[in-house]
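None of the values given here were measured: they were computed from a predicted structure. Side chains included, hydrogens not; waters and symmetry mates left out as well; all remaining heavy atoms used.
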Amino acid sequence: MGSHRRLAPSGFDRGSAAAVGLLSVAAAVLGAVPATAAPAAPRDDRRADVDRLHTEAEQATEAYNKADARTDALRKEIGTAQDSIARQQERINSMRDALGSLAGAQYRSGGIDPSLALLLSADPDEYLDRASVLDRISTRQAGELRGLRQAMRDLAQDRAEAAGKLAELEKSRKAVAAHKKTVERKLAKARALLNSLPDDERAGYERGSRSGREDLTALTGAGGPASGRAGAAFAAARSALGKPYVWGANGPTGFDCSGLTQWAYAQAGVGLPRTSQAQSGTGRRVSLSEARPGDLVAYRDDASHIGMYAGNGQVIHAPYPGAPVRYDPVGMMPVSSITRV
C-alpha cells in the first residue's frame, strides 16, 4: 500500500486559516454580548407592551364592571322577588285559614240531611234563611279555592324564577372574580415593565404616554357646555383632577375611566350606566367638530376607554393605574364616538 503524506500548508492556506480563526473568535465574542447592547428597540418594545397591557386591562375592567353591575342588579331583583314570595305565602296562608273556617261552618250548620233539618227546626223560616246563607258560602268557597290554586301556581313560578336568578347571580359572581384576576395580572405585568425602564423614560411615559397621537385640536368645537347638566358634570369632573386611578371604582376618592364619568354625571343628577360601552350609547351622537365641555368621548372601536371633553382639544379622564385623573389631548387615542348626554 502506498503511504499518503500530508502536504505542508502554503502561505495562502495559512492566512486563510488564521482569518477563519479570527472570525470564529469574533462571532463567539459577539454572541456573548447581551441583547441589551442595543437598548432603543427593547425599551420601545417595553413601552409598547405597557400600552398594550393597559389597553387589555381596561377591556378586562369593562368586563368586570359589566359583571359587577349585573351582580348588583340581580341582588336587587332577588330581594324584590323574595319579598313578593313572602307576601304571597302570607296571602296563601290566610286563604287556607279562611277556607278552613268556611268548611267548618258549613259542616256544623249543614252536615245533616236538609229535609231532616227542616223537620227538626223550630223555625222553618230561620232554617231557610240559614240554608240560603250556606249556599252563598259554598259559592264563595269555590271562588276562594280557585283563587288559592292560582296563587299557589304563581308562587311556584316566582320561586322557580328566583332560583334561576340565584344561579345567575352565582355565575355572575364567578365572572367578576375571573375578570378581577385578569385585570390584576395584566396591571402587575404593566407595572413590572414600566419599572424596568430607566427613571427618565418612565417619568416621560407617565407624564404623557398617550399624548403623542394625532393633534385634533383644530377639529374640535368651541364654546361652553351644551346644557346645565353637562356644565355641572364637567365641574364635578374638574373637581376630581389629581385623584388616583383605581380600577373598578366610581368615586369619590378614586376612579376608573367610566367610573369618573358616571360619578361626574351623578353629581348633576343624571344616572349613567356603569361601563364605557353603555355610556357611549347614552344620549345623542355629535361630531368632533361639535364637541362641547361635558360631552363623553369614547375611544377605540370597542369603546373600552372614555373621558369627558373639556374644551380646547382636551379631555379629562382617568388614564390608568399610577396616573391620576388629568387633562390629555382629545386625540390621545383613536376616537370612536362623541356623545352628548
Side-chain heavy atoms of Ile338 within contact of Arg285, under 4.5 Å =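 No, side chains not in contact.
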Could you tell me whether the side chain of Val297 reaches within less than 4.5 Å of the side chain of Ile306, counting heavy atoms only?
-> no
Measure the spacing between [atom1] of [X] and [atom2] of [Y] and express it to the nearest 0.5 Å.
X      : Y      : atom1 : atom2 : answer
Lys189 : Leu53  : NZ    : CG    : 7.0 Å
Asp256 : Gln262 : CG    : CD    : 9.0 Å
Cys257 : Tyr299 : SG    : OH    : 11.0 Å
Thr61  : Lys66  : OG1   : NZ    : 14.5 Å
Arg91  : Gln88  : CZ    : CD    : 8.0 Å

Taking [X] for the side chain and [Y] for the main chain, is one N or O donor matched with an acceptor at less than 3.5 Å?
X      : Y      : answer
Gln59  : Ser304 : no
Gln157 : Asp154 : no
Ser84  : Thr80  : no
Gln314 : Tyr309 : no
Asn65  : Thr275 : no
Tyr265 : Gly294 : yes
Arg300 : Thr55  : no

Derivation of the side chain to side chain donor-acceptor pair (under 3.5 Å) call for Ser276 and Glu62 = CA-CA 7 Å; Ser276 58; Glu62 283 295 288; 2.7 Å; yes
[X] and [Y]: side chain donor to acceptor below 3.5 Å:
X      : Y      : value
Arg153 : Gln150 : yes
Gln89  : Arg159 : yes
Gln277 : Ser280 : no

Check the pair Tyr64 / Trp247 against ring-ring contact (aromatic ring centres under 6.0 Å, His included), numbers first and verdict last.
-> CA-CA 9 Å; Tyr64 168 87; Trp247 74 265; 4.8 Å; yes
Electrostatic pair [X]:[Y] at N-O distance under 4.0 angstrom:
X      : Y      : answer
Lys186 : Glu58  : no
Asp72  : Arg70  : no
Lys165 : Glu161 : no

With sequence neighbours excluded, give me every side-chain hydrogen bond (donor to acceptor under 3.5 Å, both in side chains) pair touching residues 330-341.
-> Asp295-Arg340
Enumerate the residue pairs fulfilling side-chain hydrogen bond (donor to acceptor under 3.5 Å, both in side chains) with a member in residues 230-244, sequence neighbours excluded, ordered by first and then second residue.
-> none
Which atom of [X] lies closest to which atom of [Y], heavy atoms considered:
X      : Y      : value
Pro319 : Arg326 : CG-NE, 3.5 Å
Ala298 : Ala303 : CB-CB, 4.1 Å
Ala240 : Leu260 : CB-CD1, 3.8 Å
Arg274 : Ala249 : NH2-O, 3.5 Å
Pro273 : Ala278 : CB-CB, 3.4 Å

For Asp158, salt bridge (Lys or Arg N to Asp or Glu O under 4.0 Å) partners two or more places apart = none
Taking the inter-plane angle between the rings of His305 and His317 on a 0 to 90° scale, is it parallel (under 30°), tilted (30 to 60°) or perpendicular (over 60°)?
->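 Perpendicular.
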Of all residues at least two apart in sequence or in a different chain, which pass the ring-ring contact (aromatic ring centres under 6.0 Å, His included) check with Phe255?
->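 For Phe255 the ring-ring contact (aromatic ring centres under 6.0 Å, His included) partners, ignoring immediate neighbours, are Trp263.
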Apply side-chain contact (heavy atoms from CB on, under 4.5 Å) to the pair Ile316 and Val325, showing each step before the final yes or no.
-> CA-CA 7 Å; Ile316 297 175; Val325 176; 3.8 Å; yes
Take Met332 and Val330 through the test side-chain contact (heavy atoms from CB on, under 4.5 Å) and record every step on the way to the result.
-> CA-CA 6 Å; Met332 61 185 176; Val330 69; over 6 Å; no
Answer with yes or no whether the hydrophobic clustering places [X] together with [Y]; edges join I, L, V, M, F, W, Y residues whose side-chain heavy atoms lie under 4.5 Å apart.
X      : Y      : value
Val270 : Phe234 : yes
Val286 : Leu288 : yes
Met308 : Leu241 : yes

Members besides Ile78 in its Ile/Leu/Val/Met/Phe/Trp/Tyr cluster (side-chain heavy atoms under 4.5 Å) | Leu74, Leu166, Leu169
What ring pair (Phe, Tyr, Trp, His ring centres under 6.0 Å) pairs are there with at least one residue in residues 271-291, not counting sequence neighbours?
->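 For residues 271-291, and leaving out neighbouring residues, there are no ring pair (Phe, Tyr, Trp, His ring centres under 6.0 Å) pairs at all.
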Is the number of heavy atoms from other residues, nucleotides or ligands within 6.0 Å of CG (Asp301) greater than 12?
-> no
Pair Met152-Leu155, side-chain contact (heavy atoms from CB on, under 4.5 Å): steps then yes or no = CA-CA 5 Å; Met152 291 178 72; Leu155 178 60; 5.5 Å; no
